[in-house]
Amino acid sequence: MPDPAVPPTPPVPLAALLAREDLGLRQIAGPRDTDTETGTGTVIHWAHTSEMADPYPYLLGGELLLTAGVHIPEAAGSGTYFDDYVSRIVAAGGAALGFGLAPVHDTVPRALVAACDTYGLPLLEVPPRTTFSGVARAVWQLMAQARHAELRRVTEAQQSLAAAASRPDPVRAVLRQLAQRVAGWAVLYGPEGAVIGEAGREAPGDAVRGALAELAGVVRPGVAAAAGATGPGSARQTGGSEATRATAAPDSAGGTRPSTPPSPSPSLSPSPSPSPTSASDTIAGTHLATYALGAGQGFVLGVAAPHRDPGDHTIASVAAVLLSLLTGEHQSGSGAARSSALVRLLLGAEPQTVAPLLGADRWLVVHGRPDTQPCDPVAASALGAALGSPLVDLARDAVRVLVPADREPAPQSGWTLGVSAPAPPSDWPTADAQAARALSRARATRTPLFRHGTHRPALTDLLSPDEAQSHARALLAPLTGPLTETLRTWLSLHGSWDRTAVALSVHRNTVRQRIARCAALLDTDLDDPDVRMELWFALRHSER
């Protein structure tokens, strides 16, 4: 029989529900737990009411099942009814059973109490004054409190990890902060499996160390693909979620029981980039998790902790991303080269003199805007990573990425992109303007990616560039910056009011007013195709 799926909601300790004086619940059978803080005992994920004699088909796992005993036949105490009933709840993954004393039964049947003790299912007595809806509401209240506490914990951990990454010894500082936040041990393995750094209050034993190192080999790029899983029962995964393996762990009675994989952590905030490839395991009561850093770097983050709280996977993933950036800079040396280029620019060097430090002679400027939510630094960095460049600028209206010309930008899901023509460093300002206009056209035409057109011989090439620019400046002199940009966009979109409004992020009436103002200032008829051609000629040369 397959294991029941555990929902990705913050678990509520059963002890916390029993502690609610307003409910008056009393546990009369099954394993007991008095810890209301950590939830290391019985936890529930929701409350469900059912009067079915066989509730198995209607349970998803993790429920507090509430019943008034309507389904119980009169002769149930003399047969196997209660054993069958409780065993089916346990098989479905039910966390606990609540029995209401009204209106059908005055007491909880003794055979039900015995069956719950036999199968290890916590049994709660629900007094007549407490409604099932009241119990369900209390569960959701505790769940909301748990979610709030979890979000706050993860947020504080993210801030502390980010601060650690800016310290003098960032790798070890991040490991120390991670170990503190998960109350365990964190270790960073190098590409060859050697331990680069570790931190934690108490180092694990040799068995845990060996198992964690083995698990690191599962997610290390190239190892898992070439050799498959490292041993019987191992699991690996190349996506963003966890691969898990269940092993034997000692229970409280000194025997063994199959351990269950940790429940997945809820998604706390949208993320533009996938989580690092990870794998998890449990051995000797210790939870293990490993995270591959970056694409093909070979570094692996390992975490061992005595328990696995909700949010731990998110916290470890944040640490993995930070360590991926730190190890990537260390491994390639590109960070030092970029810093050197920046310092030289600040000290007055020309862009073309520092460009060789960045590894290319010709570049593309890419402007991007997210299709739905406002952009943030994390999403901007993710776009740069997807385009293959760390040179990212989060501007007010768009993300700008400087990409080597030999890396052809591809459309990115959730983004609208405008790409300039290849340009040397001396022409970066022109390429920046090209990318901005390409992005406007992409948004207006609802195209995921629009490239600035390649140059080809035209009639305008017969004119002297200086004469053309002089004529363009004279013709467009009456127009201000916003009017010039509006006229350029409007002409490029064949006079479409709606598409121009979309491209400029203004109302269509604003476009009409600006174009009318342009016609008045230029004292010309913008409906005349000859006028439009001359203005487009001037606008093309005014940008050079």
Side-chain angles (χ1 to χ4, degrees), residues 240 267 269-275 294-295 321-322 324-325 328-329 334-335 338 341-342 345 351 355 358-360 362-425 427-454 481-482 485-486 488-490 492-493 496 498-506 543:
S267 178
S269 60
S271 174
S273 60
S275 300
V321 171
L322 290 172
S324 178
L325 295 174
E329 297 279 351
S334 60
R338 289 198 302 274
L342 175 60
L345 284 173
L358 303 178
R362 294 177 64 80
W363 298 80
L364 300 171
V365 178
V366 180
H367 282 212
R369 289 188 65 172
D371 295 337
T372 54
Q373 60 189 10
C375 190
D376 56 31
V378 176
S381 298
L383 176 62
L387 295 176
S389 174
L391 303 175
V392 179
D393 172 41
L394 177 57
R396 182 175 63 87
D397 296 325
V399 176
R400 303 189 299 176
V401 186
L402 199 58
V403 180
D406 59 352
R407 300 176 186 174
E408 186 67 20
Q412 301 296 320
S413 176
W415 290 86
T416 300
L417 304 179
V419 182
S420 74
D427 291 340
W428 280 348
T430 299
D432 186 47
Q434 292 173 353
R437 288 193 294 275
L439 174 61
S440 296
R441 189 168 184 84
R443 296 183 66 238
T445 57
R446 294 178 173 83
T447 304
L449 185 148
F450 187 86
R451 290 176 173 82
H452 182 79
T454 57
E485 187 60 29
T486 301
R488 176 186 286 109
T489 305
W490 183 72
S492 72
L493 296 173
S496 171
D498 292 331
R499 293 163 68 189
T500 303
V502 171
L504 298 176
S505 299
V506 297
E543 67 189 36

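Between Leu439 atom CG and Arg400 atom CZ the span is 12.0 Å, to the nearest 0.5 Å. Of the inter-residue distances, the one linking Ser420 atom OG with Trp428 atom CH2 reads 11.5 Å to the nearest 0.5 angstrom. Rounding to the nearest 0.5 Å gives a distance of 10.0 Å between OG1 of Thr416 and CZ of Arg446. Interatomic distance, CG of Leu493 versus OG1 of Thr445, reported as 7.5 Å (0.5 Å rounding). Expressed to the nearest 0.5 Å, how far OG of Ser505 lies from CZ of Arg443 amounts to 4.0 Å. Taking OG of Ser492 as the reference point, atom CZ of Arg437 lies at 9.0 Å (rounded to 0.5 Å).
Closest heavy-atom contact between Phe450 and Arg441: CZ-CD, 3.2 Å. Between Val366 and Val403, the shortest heavy-atom contact is CG2-CG2, 4.0 Å. Between Leu387 and Ala410, the shortest heavy-atom contact is CD2-O, 4.2 Å. Taking both residues in full, the closest heavy atoms of His452 and Ala438 are given as N-CB, 4.3 Å, listed atom of the first, atom of the second, then distance. The two residues Gln434 and Ala421 have their closest heavy-atom pair at OE1-N, 3.2 Å. The nearest pair of heavy atoms linking Gly384 to Val392 is CA-CG2, 3.6 Å.
Checked by atom type and distance alone, the side chain of Thr489 never pairs as donor or acceptor with a backbone atom of Thr500 at under 3.5 Å.
Residues Trp363 and Pro422 have side chains not in contact (no heavy-atom distance under 4.5 Å, counting atoms from C-beta outward). Looking at heavy atoms from C-beta onward, Gln412 lies in side-chain contact with Leu383 at the 4.5 angstrom threshold. With a 4.5 Å cut-off on side-chain heavy atoms, Leu504 and Thr486 count as touching. Leu391 is not listed as a side-chain neighbour of Val401, based on a closest heavy-atom distance of 4.5 Å or more.
For Arg499, there are no side chain to side chain donor-acceptor pair (under 3.5 Å) partners two or more places apart in sequence or in a different chain. Under the salt bridge (Lys or Arg N to Asp or Glu O under 4.0 Å) criterion, Asp406 pairs with no residue at all, not counting sequence neighbours.
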